[in-house]
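I have placed the structure first, in the form of structure tokens, so that the comments after it can refer back to it.
In this text, all values refer to a predicted model and were calculated from it rather than measured experimentally. Lettering of chains follows the sequences in order, A, B, ..., and the numbering in each one begins at 1. We use all heavy atoms of the structure for the numbers below, so side chains are in, but hydrogens, waters and symmetry mates are not.
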There are 2 protein chains.
Amino acid sequence: MQNSLPPLSALRAFEATARLGSVTAAANELAVTHGAVSRQLKSLDEHFDTPLFIKAGRGLVLSRHGETLQRGLGEAFERLRNSCAALKREVEGAPFTLACPGSLLARWLIPRLDRLHQALPELNVQVVVSDSEQPGKQAGISATLAFIEPPWPEEGEVIELMVEEICAVASADLAAGFDPERPDTLFNGALLYTASRPQAWPAWARAQGLCETQLEKALARGQGFDHLYYLMEAAVAGLGVAIAPRLLVEDDLKSGRLVAPWGSIQTPARLCLWLPSGASPHAGKRLAEWLGQALNEAVR
Amino acid sequence: MQNSLPPLSALRAFEATARLGSVTAAANELAVTHGAVSRQLKSLDEHFDTPLFIKAGRGLVLSRHGETLQRGLGEAFERLRNSCAALKREVEGAPFTLACPGSLLARWLIPRLDRLHQALPELNVQVVVSDSEQPGKQAGISATLAFIEPPWPEEGEVIELMVEEICAVASADLAAGFDPERPDTLFNGALLYTASRPQAWPAWARAQGLCETQLEKALARGQGFDHLYYLMEAAVAGLGVAIAPRLLVEDDLKSGRLVAPWGSIQTPARLCLWLPSGASPHAGKRLAEWLGQALNEAVR
DNA sequence: AGCTATCCATGAGTTTTAATCAACTATTGC
DNA sequence: GCAATAGTTGATTAAAACTCATGGATAGCT
């Protein structure tokens, strides 16, 4: 393969000019000035050491050699365009698979999924549940949305979307027994928790200046759940006080199904979109942008 | 045609890498460093927003999308290469038609034509006679070799090869009657001339400080010929003193068939190779280069 | 005819692109 | 565990491509 092709951009200029029959039209198609195309054509003439166009009035027509070249070149570029368009369709048609913990999926993403599809229809977002702690790079996952704590994975790209806030929530009935001015009245109720977030209640206690011994007693009175989702259902049902990411209870707080008497605190964790290397960074960033907007609306 | 193709050089790098299975090999074929190819591939990944190659050990293999692209691209580039190669063959196979006055052709070029074909076989030089004063741009003429005087034609390109020198020549027998020290002994003989070069003898007379009245008398005693070629044959036959471009009698002087007792003088004319626009400048220049060398040898 | 609009070519200068070099990471085979 | 091979990447340099402005030639219009 010692075949020295001429500069490809010159070939493209030639092909467009030959097809459209005019330098100006070709320049228009290629989104450059006619001067640029004219130069490219000249460089091709020099490469082949023969004129490919001949002046005809104020326009140009193909020379005999020009016709020879265009015969093959037209098809070649047609194929080039088709190949690239085909790949583009394949990439854009492929679903964007977004992995996400079940609780976040159920309580935040699913209610907004319809709007997401409307906003980014060409992404063709498919959601899958992924509750594993470390979102191992499974094949077929385009991105993972989750609360994660530093240090962040080396591999791929992590887009930080918001700071995690957690809050203690209870049903409205139960919350009537608490004093918003006295965080320690929390201990009047039973504490609900999940095994997957053992540090949530201690962090809350520290932030509110509560006695850890009392906390442990209250925890013993309460109940653990396998999953955040059940935890929140238990809180709604009035079984006790749950500790949960504020984002996941936002809708319930607005509707009054839950109450958060003592506000919320920030944790070291962040809601992140993790884009594994080998996925589609551009599509991922567009999703991140939309997520960012949706989060702002949710929190406003 | 709103189809925005990716940068073509990136496509070429991809095609070569996919075909050869290695960045380094592709870089080698494209005569660039592997770093350059690596960057081009990265830019394609970004354009399509998907990886086209996947790391495999210390090498790369095509991803699924990469395979899709290469399927079409391989053929497209094959066609591109074929088209350009076909045109190159067509251009190089076409004969290079060199026009030339008959006398120059007969007395200088034809004796060297075999060497010309050996030196530049791929040019496939064909010679044609063209005795018209102004070498009108006839179709099919790749270049014209002739003595021409300024001003030179605007159109096309004129390559100056040597200054024209003319000299008075006679057969050896006749020349015995002349004195090399006394240019005016010229008038002992009959002067031979051509209608196509009326200014030759007057120019000679002025340069040698001869009396123009005597010149006219001598001219009247002599004879005119239609063509330089016959003029020179007449001089060889001893009919009189001819005036001719030195280049055309060089071989005869060397062989002793003719003698130039008073040397030669320069004229404003130049031996030029005229390349009409719309021909092959590169081929023309190669011919000019060879002609220049051949002229040097002839005159040496 | 003269005027004007269109089309292409080109010199000068600027921006963008692509290349090199050299350092660095990862994998393989000895 | 060390050397060799393959690819990536930051910094810098070289080259290509583009724009702008100008000029020449042609065609159509009044």
Side-chain angles (χ1 to χ4, degrees), chain A residues 4-47 50-63 66 137 153-157 276-279 281, chain B residues 4-47 50-63 66 137 153-157 276-279 281:
Chain A
S4 77
L5 276 170
L8 294 173
S9 49
L11 287 181
R12 171 164 52 183
F14 170 83
E15 193 272 340
T17 307
R19 176 160 40 79
L20 301 171
S22 144
V23 171
T24 308
N28 208 34
E29 173 175 305
L30 300 174
V32 295
T33 60
H34 59 247
V37 174
S38 181
R39 283 173 197 294
Q40 297 280 25
L41 296 180
K42 193 183 167 196
S43 85
L44 253 204
D45 279 2
E46 284 168 8
H47 175 90
T50 190
L52 299 170
F53 286 100
I54 299 174
K55 284 200 185 77
R58 59 183 169 186
L60 299 175
V61 292
L62 284 168
S63 72
K137 183 194 174 183
E154 283 295 309
E155 200 248 315
E157 189 180 357
S277 69
Chain B
S4 77
L5 277 170
L8 294 173
S9 49
L11 287 181
R12 171 164 51 181
F14 170 82
E15 193 272 340
T17 307
R19 175 161 41 79
L20 301 171
S22 141
V23 170
T24 307
N28 208 34
E29 174 176 305
L30 300 173
V32 294
T33 59
H34 57 250
V37 174
S38 181
R39 282 172 197 297
Q40 297 280 25
L41 295 180
K42 193 182 168 198
S43 86
L44 254 203
D45 278 2
E46 283 167 9
H47 174 92
T50 189
L52 298 170
F53 287 98
I54 299 174
K55 285 201 184 74
R58 59 184 170 186
L60 299 174
V61 292
L62 284 168
S63 73
K137 183 193 172 180
E154 283 294 311
E155 199 248 315
E157 187 180 358
S277 69

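Remark: the backbone N or O of B:S277 is paired with a side-chain donor or acceptor of B:E155 at under 3.5 angstrom. A:S63 places a side-chain N or O within 3.5 Å of a backbone atom of A:P51 that can act as its donor or acceptor partner. Remark: side-chain polar atoms of A:S38 are not paired, donor with acceptor, to backbone N or O of A:H34 under 3.5 angstrom.
Distance CG (A:N28) to P (C:dT6): 14 Å, rounded to an integer number of Å. Atom-to-atom, CG of B:L44 to C1' of C:dA18 comes out at 14 Å; the value is rounded to the nearest Å.
Between B:P6 and the choices B:H47, B:Q40, B:E46, the side chain to side chain contact (heavy atoms under 4.5 Å, CB included) rule is met once, by B:H47.
Within the 4.5 Å cutoff, side-chain heavy atoms of A:R12 are placed close to those of B:L5.
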Sequence-aligned protein contact record of nucleotides 4-17 of chain D, with B where the base is within under 4.0 Å of a protein heavy atom and S where only the sugar-phosphate is: BBSSBBBB-----S

